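Working notes for the structure below.
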Amino acid sequence: MQPITQKSFIKISDFEWEIPVDFCSDMRVPVRVFASQALLQDAFKDQSIEQAVNVSTLPGLVEAVMVMPDMHQGYGFPIGGVAGTDIETGVISPGGIGYDINCGVRLLASRITLEEATPFLSDLASMLNQLCPSGVGVGSQRKLSDADLVEVCIRGANWAKGDPYTEPQDLQRTEDQGCLAGADPGKVSSRAMERGRKQLGTLGSGNHFIEVDLVTEIYDEVAAEAMGLFAGELAVQVHTGSRGFGHQICTDYVRRLQGAVAKYGIKLPDKQLVCAPIASEEGQDYLAAMRCAANYAFLNRQILTNKVRQAFEIVLAGKVDQWHLKQVYDIAHNIGKFEHHLVDGVKKTVCVHRKGATRAFGPGTQGLPAEYQEIGQPVLVPGSMGTSSWVLTGTHTSMERSFGSCCHGAGRVMSRSEAKRNVWGETLLKELEKVGIEIRAGSMSGLAEEAPQAYKDVDQVVQSVVGAGIAKKVAVLTPLIVIKG
DNA sequence: ATGTAC
């Protein structure tokens, strides 16, 4: 492939760029990048655009390979990548979904004011840290039987319906009601089951977190009110995924699908793009196992949500009038889904791979809760540790240009190892405490990996997607408490 | 992201 530069792109708008399909002979669809000129320049620092061009050679692609402004290099596919394939002629690729299957974010809203909460923030941070197990390889108090885990795979967040802290609205306000159909635990290895049994209800490490935020700015009052977000009041974000369970499923199927690549004669520019035809036995088995991990992750966020509610109750009940936490939304940002999209004016079922990209359905889209039909789907964009997060909504343009998808965060500019070389965890901890953030972190090297300087400016990422029209600003959240593994 | 290499 010839080197990719600014000149390789056609400018569609100030925030949308396209590498045409004739850039190299193996491309089947164009590569469409949503970014400001500055963030597009940043993308040349790693292989993310090259990876998107590689993806564009996969069989059965539809419309374009899209890349979000928070892109960075990943396994085969760039993180921030969206690829839709034809369900009859196309492929499914585990690398297009990621190792942390159904990693995602849940947002809870409260009517607690900052003034009310301030005296209790330190206790609240400690209680959240105590009730929510976190860290690499950390297990849960609860150990599931294999039969329990089979049920978890099939029922997803519904499994927590009996928990006194689960509310009916939680499920209604979760992507796909917290349960994907077509999960088959019979397609999950015993090794994955073994890892999964021990980790349900744990946060993990890396960029996973629980954060108590203050709603600091409102850009869209109608949408914010529909979501229950009000300036000066607290909100909570839970960011985690399917832990070792999803990781093992991805590992297992990356290996198995290597056989499928040879068997079906698929030509790949990069071995990491390992895939199988959707219609094949291998492809169907991966999808069935992936959905088990997706359901596990939906439930994992539900269980942690319930722990967060318990922590709020213990610390705030009797002291703060309305300490209740109401769900705003829960979205996946590492997932493969069958969805209906208009392609060249024709409605078509597409297998949408979203890796480090969230769903962002516009107003009127089927599957959104009634209260979000007019405003569009809430899009949750956490910033890097210690920086602001954004709440956005999907738009008609996102439905037309990005298969109803948007960015998922700030996006790395430094690798984990590079961040550890450049940042001392203890110094960072002191800096965060100095600006008034209550932080509970399991490991100092883990903290260094997540340093804000290792990430892009989330505000610039958001300006890009808003400028491109694929999302609309609703609210800004600023961190008060951060719990990290 | 991840029992950060079976």
Side-chain angles (χ1 to χ4, degrees), chain A residues 46 48 51 70-81 93-106 133-140 143-144 188-200 202-210 237-256 272 274 289-290 292-294 296-298 300-301 304 331-336 353-358 382 384-385 408-412 414-421 423 425 441-451 454-455 483-485:
Chain A
D46 70 15
S48 42
Q51 288 189 321
D70 52 336
M71 75 187 96
H72 54 107
Q73 201 175 315
Y75 182 85
F77 288 60
I79 290 150
S93 176
I97 286 153
Y99 273 81
D100 190 0
I101 296 166
N102 191 5
C103 186
V105 182
R106 184 176 293 217
S134 65
V136 187
V138 169
S140 163
K143 302 277 186 289
L144 300 181
V188 176
S189 70
S190 54
R191 195 172 188 183
M193 293 293 277
E194 184 59 32
R195 291 178 73 174
R197 287 196 303 111
K198 297 178 280 196
Q199 292 189 319
L200 190 64
T202 64
L203 189 60
S205 66
N207 64 4
H208 291 167
F209 63 77
I210 292 171
Q237 293 182 88
V238 177
H239 179 196
T240 187
S242 52
R243 309 284 287 103
F245 186 58
H247 192 277
Q248 189 63 50
I249 287 170
C250 185
T251 303
D252 293 339
Y253 278 92
V254 161
R255 192 171 302 146
R256 178 158 171 223
Q272 294 186 353
V274 51
M290 179 210 74
C292 292
Y296 184 100
F298 280 132
N300 199 32
R301 289 195 287 277
L304 286 166
I331 38 169
H333 54 228
N334 281 7
I335 194 82
H353 298 65
R354 294 193 181 92
K355 181 194 199 175
T358 80
S384 52
M385 184 175 54
H408 86 307
R412 279 192 172 278
M414 247 183 238
S415 69
R416 292 182 182 281
S417 54
E418 201 181 346
K420 274 193 278 199
R421 283 197 300 274
V423 184
S443 110
M444 284 306 118
S445 65
L447 204 63
E449 285 183 8
E450 296 304 316
Y455 282 84
I483 312 295
K484 300 281 298 181

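Predicted model, so just to flag it, every value in this text is computed and none were measured. Lettering of chains follows the sequences in order, A, B, ..., and the numbering in each one begins at 1.
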**Message:** By the 4.0 Å heavy-atom rule, please label A/Glu194 as base, sugar-phosphate, or nothing.
**Reply:** nothing

**Prompt:** Quick one: is A/Ser205 getting a side-chain N or O under 4.0 Å of the B/dT2 phosphate, OP1 or OP2?
**Reply:** yes

**Asked** Separation of A/Tyr296 atom OH from B/dT2 atom P, in whole Å?
**Response** 11 Å

**Prompt:** Side-chain N or O of A/Arg243 less than 4.0 angstrom from OP1 or OP2 on B/dT2?
**Reply:** yes

**Asked** A/Asp100 has an atom CG; how far is it from atom P of B/dT4, in whole Å?
**Response** 15 Å

**Whole-Å gap separating C1' (B/dT2) and CG (A/Asn102)** = 16 Å

**Item:** Plane angle bin for A/His408 and A/His333 - parallel if under 30°, tilted between 30 and 60°, otherwise perpendicular
**Value:** perpendicular

**Interatomic distance where CZ belongs to A/Arg191 and P belongs to B/dA5 [whole Å]** = 14 Å

**Request:** Return the value, rounded to whole Å, for the distance between atom OH of A/Tyr99 and atom P of B/dA5.
**Result:** 12 Å

**Request:** Calculate the interatomic distance between A/Asn334 atom CG and B/dT2 atom P; express it in whole Å.
**Result:** 11 Å

**Asked** In chain order, what residues pass the side chain to side chain donor-acceptor pair (under 3.5 Å) check against A/Thr202, with sequence neighbours excluded?
**Response** A/Arg243

**Prompt:** Where is the tightest heavy-atom contact between A/Tyr253 and A/Ala289, given as atom of each residue plus distance?
**Reply:** CE1-CB, 3.5 Å

**Prompt:** Taking CD from A/Glu449 and P from B/dT4, how many angstroms apart are they, rounded to a whole number?
**Reply:** 13 Å

**Item:** A/Arg416: partners by salt bridge (charged side-chain N to carboxylate O under 4.0 Å, His left out), with sequence neighbours left out
**Value:** A/Glu449, A/Glu450

**Message:** From CD1 of A/Ile249 over to C1' of B/dT2, roughly how many Å is that when rounded to an integer?
**Reply:** 14 Å

**Message:** Applying a 4.0 Å non-hydrogen cut-off, can you work out what A/Gly206 is touching in the nucleic acid: base, sugar-phosphate, or nothing?
**Reply:** sugar-phosphate

